[in-house]
Amino acid sequence: MSTERTTDVVPEWKKGEVDEIAGLIENFESIGVVDIEGIPSRQLQKMRSELYGEATLRMSRNTLLNRALDRIDEGLESLGEYLTGHVGLVGTNDNPFALYKHLEASKTPAPINAGEVAPNDIVIPEGDTGMDPGPFVGELQSIGANARIDEGSIQVLEDSTVVEEGETVSADVANVLSELGIEPKEVGLDLRAVYADGVLFESDELELDIAEYRDDVAAAATAARNLSINAEYPTERTAPTMLAQASGEAKSLGLQAAIESPELMDDLVSTADAQVRALAANVDDEEALPEELQDVEEPAAEPEAAPDESDDEDTETEPAEDDEAEAEDDDDDESEAGEGLGDMFG
């Protein structure tokens with residue numbers, strides 16, 4: 001008959017450990033769980049030092065980490081399901097996207113050992129191995145590399161995939177890769193999940209193409225601006241363009257209606273002069289014309305103005321190329337959008 005050993009007494013060191021972890025959690029705006037499986041102790045210590053100023057890494061027993069998360073009771077307990085295997089907690093005041101980007105950038109190449117699973121296709125590249133002729137050419141050939149001795153050294157004749165992604169690395173492959181200095185895997189802190197501002201983010205949700213995201217934001221801003229203009233809904237950003245359009249339309253109407261106003265007088269006189277010259281050029285009897293209109297050639301026809309697309313609500317309105325003030329506004333918009341994204345993604 002077996003009996004389960006239980007105790008109501010929690011060791012003081014455990015209480016102190018949970019207190020310290022809970023205090024760390026409360027000091028940061030974002031808390032994440034990172035996988036530290038397979039990272040050598042020396043590299044792990046280096047990674048912790050590189051995080052200084054950006055984030056803090058804390059490792060302990062998973063049960064104690066879980067108790068600390070439960071104690072805070074602000075939704076952080078949802079991170080508990082990710083506390084399996086060799087993990088640690090990372091705290092930062094950066095947003096989750098910046099944390100993920102920083103951890104990914106800090107990863108370094110590392111050799112792979114026999115018995116490990118290949119994270120991707122492992123390829124021995126074409127070229128001179130720098131190895132002198134000897135038994136090593138046979139080792140290369142035995143693991144599937146197309147190699148031979150040529151010009152006094154061992155050459156790989158073409159890129160050779162020796163292990164496919166997901167396959168287990170054999171001792172022979174690991175030895176050959178080590179001899180060639182090929183490091184096919186990356187070592188670093190793998191972010192499993194982050195809790196921030198009441199939202200739980202998993203790692204695949206944090207992997208973003210920043211350039212593509214920036215383009216999407218810029219396109220959305222342009223579409224919103226065009227919608228505001230076409231819907232005749234003035235805002236601080238669109239009012240200058242709308243006023244410029246209204247001014248142009250008013251001027252066009254004034255010219256067509258021949259309204260005599262100081263602002264239109266020069267254009268009206270130019271139009272009238274062109275009409276008189278066109279009429280004079282079509283009179284066959286020059287003697288019937290005043291002297292100043294004799295030998296007048298018909299003025300070249302002005303190109304037809306493009307139809308005003310602003311009347312079409314479905315047509316996007318773009319700023320005029322010669323509108324320097326509007327161009328400056330657009331530059332300001334792009335600059336502000338870029339700064340905003342920089343703050344978001346670090």
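Residue numbers count from 1 along this sequence.
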Do [X] and [Y] have side chains that get closer than 4.5 Å, going by heavy atoms?
X      : Y      : answer
Leu79  : Val194 : no
Thr92  : Thr56  : no
Asp190 : Glu37  : no
Met242 : Glu232 : yes
Leu89  : Val33  : yes
Ser170 : Val173 : yes

Centroid-to-centroid, Phe201 to Phe97, below 6.0 Å?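 Yes, they do, as the ring centres are separated by less than 6.0 Å.
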
Is any NZ, NE, NH1 or NH2 atom of the basic residue among [X] and [Y] found under 4.0 Å from an Asp or Glu carboxylate oxygen of the other?
X      : Y      : value
Lys185 : Glu116 : yes
Glu20  : Arg58  : yes
Lys14  : Glu17  : no

Nearest-0.5 Å distance that lies between atom [atom1] in [X] and atom [atom2] in [Y]:
X      : Y      : atom1 : atom2 : answer
Lys46  : Ser41  : NZ    : OG    : 14.0 Å
Leu51  : Ser106 : CG    : OG    : 6.5 Å
Leu189 : Asp35  : CG    : CG    : 9.0 Å
Leu140 : Leu180 : CG    : CG    : 6.0 Å
Glu126 : Leu157 : CD    : CG    : 7.5 Å
Ile31  : Glu26  : CD1   : CD    : 10.0 Å

Restricting to non-hydrogen atoms, name the atom on [X] and the atom on [Y] that form the minimum distance, rounded to 0.1 Å.
X      : Y      : answer
Leu99  : Ala55  : CD1-CB, 4.3 Å
Val176 : Phe136 : CG1-CZ, 3.9 Å
Ala174 : Ala114 : CB-N, 3.7 Å
Ile112 : Pro119 : CD1-CD, 4.0 Å
Met59  : Val87  : CG-O, 4.3 Å
Asn66  : Gly80  : OD1-CA, 3.7 Å

Ignoring hydrogens and geometry beyond distance, is a side-chain donor-acceptor pair present between [X] and [Y] at under 3.5 Å?
X      : Y      : answer
Thr241 : Thr238 : no
Arg67  : Ser60  : no
Glu54  : His102 : no
Asp128 : Ser153 : yes

Do [X] and [Y] share a hydrophobic cluster (ILVMFWY, side-chain heavy atoms under 4.5 Å, transitive)?
X      : Y      : result
Leu191 : Val199 : yes
Leu24  : Leu65  : yes
Ile149 : Val156 : yes
Leu177 : Met131 : yes
Trp13  : Val18  : yes

Would you find a donor on one side and an acceptor on the other, under 3.5 Å apart, between the side chain of [X] and the backbone of [Y]?
X      : Y      : answer
Ser247 : Leu243 : no
Gln141 : Ala147 : yes
Glu167 : Glu164 : yes
Asn175 : Ala171 : yes
Glu205 : Glu202 : yes
Ser30  : Asp94  : yes
Ser142 : Glu139 : yes
Asn93  : Glu29  : yes
Thr129 : Ile154 : yes
Arg192 : Val34  : no

As a quick check of understanding, evaluate side-chain contact (heavy atoms from CB on, under 4.5 Å) for Ile39 and Met47, giving each step before the final call. CA-CA 10 Å; Ile39 303 178; Met47 291 174 188; 4.0 Å; yes

Gln45 atom CD, over 12 foreign heavy atoms within 6.0 Å: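 Enclosed.
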
For Lys107, is the NZ atom crowded, meaning more than 12 foreign heavy atoms sit under 6.0 Å from it?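 Atom NZ in Lys107 is crowded, with more than 12 foreign heavy atoms closer than 6.0 Å.
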
Salt bridge (charged side-chain N to carboxylate O under 4.0 Å, His left out), that's the test. Do Glu104 and Lys101 meet it? Break it down for me. CA-CA 5 Å; Glu104 288 297 306; Lys101 182 180 178 181; over 6 Å; no

Determine, stepwise, if the pair Tyr100 / Asn95 fulfils side-chain contact (heavy atoms from CB on, under 4.5 Å). CA-CA 9 Å; Tyr100 178 86; Asn95 63 72; over 6 Å; no

Worked verdict on Met265 versus Glu260 for side-chain contact (heavy atoms from CB on, under 4.5 Å): CA-CA 6 Å; Met265 194 57 66; Glu260 299 177 4; 3.9 Å; yes

All side-chain contact (heavy atoms from CB on, under 4.5 Å) counterparts of Pro125, not counting sequence neighbours: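 Residues passing side-chain contact (heavy atoms from CB on, under 4.5 Å) with Pro125: Asp159, Ile182.
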
Partners of Asp267 by side-chain contact (heavy atoms from CB on, under 4.5 Å), sequence neighbours excluded?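 So Asp267 forms a side-chain contact (heavy atoms from CB on, under 4.5 Å) with Lys251, Leu255.
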
Could you walk me through whether Val169 and Ile122 pass the side-chain contact (heavy atoms from CB on, under 4.5 Å) test, one step at a time? CA-CA 9 Å; Val169 177; Ile122 299 179; 4.1 Å; yes

